[in-house]
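Have a look at the structure below, then the notes.
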Amino acid sequence: MFRVTIRGKFKELDEAGRAAVLAAGGAAYTEAGTFTRDQSVTVFTFRCQVPAGPDDGEDEAALGAMAALEAHGHPHEILQLAVTDMRDIKVRRRR
């Protein structure tokens, strides 16, 4: 599983797009993706969870997250993209 965070800004977002962004808001990582945004709904952070195949790497995860962002259909510009491979995360158990 990958978690991808995309920071960007919207381009000419109409009222329907603004309402859709507000409805898709949240800080959770989901496969469809969620938005957090500034008060004026001009800049955003998009969080997306992308399933990982055995041979998938960060490039495939980034492409999957960008496809999820594109599926929302809002005109945007990507400013920054970060990928975390959850398979590499080690959990320490308390004793």
- Item | side-chain contact (heavy atoms from CB on, under 4.5 Å) against Met86, all qualifying residues, sequence neighbours excluded | Met1, Arg3, Thr84, Ile89
- Query: With Asp14, which residues qualify under side-chain contact (heavy atoms from CB on, under 4.5 Å), at least two apart?
  - Reply: Ala16
Which donor-acceptor pairs under 3.5 Å do side chains of residues 62-75 form with protein atoms, sequence neighbours excluded?
{"residue": "Glu70", "atom": "OE2", "partner": "His76", "partner atom": "NE2", "Å": "3.3"}
{"residue": "His72", "atom": "NE2", "partner": "Ala32", "partner atom": "O", "Å": "2.9"}

Just distance, no hydrogens or angles: give the donor-acceptor pairs under 3.5 Å from side chains in residues 20-28, sequence neighbours left out.
none

- Heavy-atom pair with the smallest gap, counting every atom of Val83 and Ala61: CG1-CB, 4.0 Å
- Task: Find out whether Lys9 and Val43 are in side-chain contact, i.e. whether some heavy atom of one side chain is under 4.5 Å from a heavy atom of the other.
- Result: yes
- Taking Asp56 for its side chain and Glu60 for its backbone only, find out whether a donor-acceptor pair lies under 3.5 Å. no
Going by side-chain hydrogen bond (donor to acceptor under 3.5 Å, both in side chains), name the residues that satisfy it together with [X], two or more places apart in sequence or in a different chain.
X     : answer
Arg7  : Thr45
Thr5  : Tyr29
Arg87 : Asp85
Thr36 : Arg47

- Query: Who else is in the cluster with Val91 when I, L, V, M, F, W and Y are joined by side-chain contacts under 4.5 Å?
  - Reply: none
- Item | salt bridge (charged side-chain N to carboxylate O under 4.0 Å, His left out) partners of residues 17-35, not counting sequence neighbours, each pair once | Glu15-Arg18
- Note on the structure: By ring pair (Phe, Tyr, Trp, His ring centres under 6.0 Å), Phe44 pairs with (sequence neighbours left out) Phe10, Phe35
- Taking a hydrophobic cluster as the set of Ile, Leu, Val, Met, Phe, Trp and Tyr residues connected by side-chain heavy atoms closer than 4.5 Å, whether directly or through intermediates, do Val41 and Ile78 fall within one such cluster? yes
